[in-house]
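Below you'll find the structure, written out as structure tokens, and then a few comments.
The figures that follow rest on heavy atoms only: side chains count, while hydrogens, waters and symmetry mates do not. Chain naming here is simple, since letters A, B, ... match the order of the sequence lines and numbering starts at 1 in each.
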Protein chains: 2
Amino acid sequence: MPDLPPIARKFILHWGEMGARWGINRTVAQIHALLYLSERPLHAEEICETLDLARSNVSVAVKELQGWGIVKITHLQGDSRNHFESMKDVYEMFRVITNERKRREVDPTLKLINDCLQDGGKPKASEAYVRERLESMKEFFDLAVNFSAQVDKVSTPALVKAAKMGDKALRLLGLS
Amino acid sequence: MPDLPPIARKFILHWGEMGARWGINRTVAQIHALLYLSERPLHAEEICETLDLARSNVSVAVKELQGWGIVKITHLQGDSRNHFESMKDVYEMFRVITNERKRREVDPTLKLINDCLQDGGKPKASEAYVRERLESMKEFFDLAVNFSAQVDKVSTPALVKAAKMGDKALRLLGLS
DNA sequence: CGGCTATTTCGGCTAATGCAGAAATAGCCG
DNA sequence: CGGCTATTTCTGCATTAGCCGAAATAGCCG
């Protein structure tokens with residue numbers, strides 16, 4: 001990895017590990033970190049050199065990141081190559097990723113649970129407990145989905161403000 | 001998988017896939033689903049038979065689940081074998097897992113970012129942008145950690161109530 | 001202590017993932 | 001169309017993760 005300040009490299013490696021723990025390919029996460037820390041959009045070749053990866057590898061990784069919606073292609077004046085740029089606002093990034101995971105994982109899970117629950121057939125007694133547990137999981141996910149949709153409507157500055165209120169927010173809502 | 005209602009099997013398989021996408025071993029997640037759906041604690045042998053796994057495999061998987069804090073060992077009258085039982089309250093489960101992920105992943109990330117930022121040395125100009133990005137990521141994580149600590153204090157019923165308020169909660173806080 | 005049962009650890013095989021390099025494709029001038 | 005560059009797809013190797021069965025360990029009576 002030439003050209004990188006040590007602190008950047010340190011972060012990139014760590015981010016790769018974290019990604020791996022969350023089901024994101026290690027190098028995909030590293031590339032994301034690199035782009036996030038980069039002041040300007042980078043083209044594939046630069047990414048290869050900086051992180052010592054094969055060109056083809058970078059191609060698919062970058063596509064993956066675009067799939068998540070946190071990296072975009074840009075073009076520079078008089079350069080035909082694709083340049084890649086990460087979203088820079090961490091809050092926004094979090095929103096985008098959260099929404100995407102909801103779409104990919106939570107929604108299908110809810111659908112499956114619903115399917116299970118309204119699976120016709122005679123309601124066998126042996127299934128009663130299973131259904132009960134599935135019901136309560138459904139309830140949880142329904143609530144979570146609704147709630148996150150609400151929160152998603154609120155602007156980042158407003159959210160930050162609310163988060164900083166700490167206890168006060170809770171008291172305002174009559175909780176705590 | 002003998003003995004399992006089809007809807008249970010369906011859910012277990014799905015849960016395994018979801019786990020895999022979140023960095024949890026597929027069979028670990030399956031076992032978790034099985035225990036969650038099970039009316040009574042199961043011993044390792046039962047898990048083996050039901051999910052068709054090797055005994056040793058179950059041993060480590062179950063340990064993993066205990067490590068996450070969502071499965072506990074219980075003992076039954078006159079049976080020396082360990083029996084395993086999943087937490088049943090989905091909300092509580094979510095709390096526990098969230099806290100554990102924070103401990104394992106967010107905290108170390110924050111620590112690393114802090115290390116990077118206060119990495120002495122002369123503040124090279126080339127690092128300025130990197131530092132800026134790290135700062136803003138730190139800010140985000142700090143806020144998230146604080147906020148989640150606040151929320152974690154609130155009882156589940158209170159949280160559910162708040163979540164169900166929908167728009168009203170936002171208006172009460174002066175958002176939206 | 002010996003025998004029994006339950007659990008864990010270990011060694012090695014298998015399957016899945018990740019990745020490089022080559023080949024194919026696409027896009028762009030001239 | 002031909003040549004050039006950038007990108008993607010494909011093929012197969014390498015690494016890792018997952019998992020089984022055997023062996024070792026632990027715990028519990030008698």
Side-chain angles (χ1 to χ4, degrees), chain A residues 1 12-35 40-68 71-85 104, chain B residues 1 12-13 15-35 40-68 71-85 104-105:
Chain A
M1 296 190 200
I12 289 171
L13 290 176
H14 179 82
W15 202 244
E17 293 311 313
M18 288 305 104
R21 296 214 192 181
W22 287 80
I24 307 291
N25 178 297
R26 184 175 278 97
T27 63
V28 170
Q30 286 181 0
I31 293 177
H32 172 241
L34 172 62
L35 293 175
R40 59 181 179 80
L42 302 178
H43 59 260
E45 209 62 52
E46 289 176 297
I47 299 175
C48 291
E49 285 168 20
T50 314
L51 300 181
D52 192 27
L53 299 169
R55 183 66 187 69
S56 55
N57 201 359
V58 170
S59 178
V60 307
V62 142
K63 201 139 245 180
E64 174 86 9
L65 288 168
Q66 292 176 75
W68 281 100
V71 162
K72 302 277 184 237
I73 294 185
T74 60
H75 281 101
L76 269 62
Q77 198 48 289
D79 187 336
S80 67
R81 293 169 296 184
N82 290 340
H83 288 246
F84 304 98
E85 182 165 32
R104 296 187 191 187
Chain B
M1 296 192 201
I12 289 170
L13 290 176
W15 201 243
E17 293 310 313
M18 288 306 104
R21 295 214 192 181
W22 287 80
I24 306 292
N25 178 298
R26 184 175 278 98
T27 62
V28 169
Q30 287 182 0
I31 293 177
H32 172 240
L34 171 63
L35 293 174
R40 59 181 178 78
L42 303 178
H43 59 260
E45 209 61 53
E46 290 177 294
I47 299 174
C48 292
E49 285 168 19
T50 313
L51 300 181
D52 193 29
L53 299 169
R55 182 65 186 70
S56 54
N57 198 2
V58 170
S59 178
V60 307
V62 142
K63 201 139 246 180
E64 174 87 10
L65 288 168
Q66 292 177 73
W68 281 100
V71 162
K72 300 275 184 240
I73 294 185
T74 60
H75 281 102
L76 270 62
Q77 199 45 289
D79 188 336
S80 67
R81 293 170 297 185
N82 290 340
H83 289 245
F84 304 98
E85 181 165 33
R104 296 188 190 186
E105 288 132 19

* To do: Looking only at side-chain atoms of R55(A), point me to the closest of dA20(C), dA6(C), dT8(D).
  => dT8(D)
* Can you check the I47(A) CD1 to dC19(C) P distance for me, whole Å? -> 14 Å
* Name the orientation class of the two ring planes belonging to W15(B) and H32(B) (parallel below 30°, tilted from 30 to 60°, perpendicular beyond 60°). => tilted
* Structure fact -> Nearest-nucleotide check on DNA chain D, V28(B) vs E45(A); residue mapping nearer the 5' end is E45(A)
* **Candidate nucleotides dG18(C), dC20(D), dT7(C), ranked by approach to the side chain of S56(B) - the nearest** => dC20(D)
* Whole-Å distance separating the CG atom of L76(B) from the C1' atom of dA6(C) -> 15 Å
* To do: Report the residue (R26(A) or I73(A)) whose heavy-atom-nearest nucleotide on DNA chain D is the more 5′ of the two.
  => I73(A)
* **Whole-Å gap separating C1' (dG27(C)) and CG (D79(A))** => 14 Å
* Asked: Which whole-number value in Å describes the distance from I31(A) CD1 to dC19(C) C1'?
  -> 12 Å
* Under 4.0 angstrom between T27(A) side-chain N/O and dC19(C) OP1 or OP2 -> yes
* Mind checking the CD1-OG1 spacing from I31(A) to T50(A)? Nearest 0.5 Å is all I need. => 10.0 Å
* **Spacing between E46(B) atom CD and dT7(C) atom P, to the nearest angstrom** => 11 Å
* **Which nucleotide in dA20(C), dT7(C), dT8(D) has an atom nearest any side-chain atom of S59(A)** => dT8(D)
* Structure fact -> Correct closest heavy-atom pair for R81(B) and H75(B) would be O-CD2, 3.3 Å
* Structure fact -> Side-chain atoms of N82(B) come closest, of dT9(D), dT7(C), dT8(D), to dT7(C)
* May I ask you to verify if any side-chain N or O of N57(A) is less than 4.0 angstrom from the OP1 or OP2 atom of dG21(C)? => no
* Rounded to the nearest angstrom, tell me the gap between atom NE2 in H43(A) and atom P in dA6(D). => 8 Å
* Which pair of non-hydrogen atoms, one from R55(B) and one from C48(B), has the smallest distance, and what is that distance? -> CA-SG, 3.4 Å
* **Pair assignment for dA15(C), Watson-Crick or G-U wobble, requiring both distances under 3.5 Å** => dT16(D)
* Write down the partner of dC28(C) under the Watson-Crick or G-U wobble criteria, each distance required to be under 3.5 Å. => dG3(D)
* Nearest-angstrom distance from the residue atom CZ of F84(A) to C1' of dT8(D) -> 11 Å
* Taking atom C1' of dA6(D) as reference, at what distance in whole Å does atom CG of L42(A) sit? -> 16 Å
* Flag for E17(A)-H14(A): side-chain donor and acceptor within less than 3.5 Å -> no
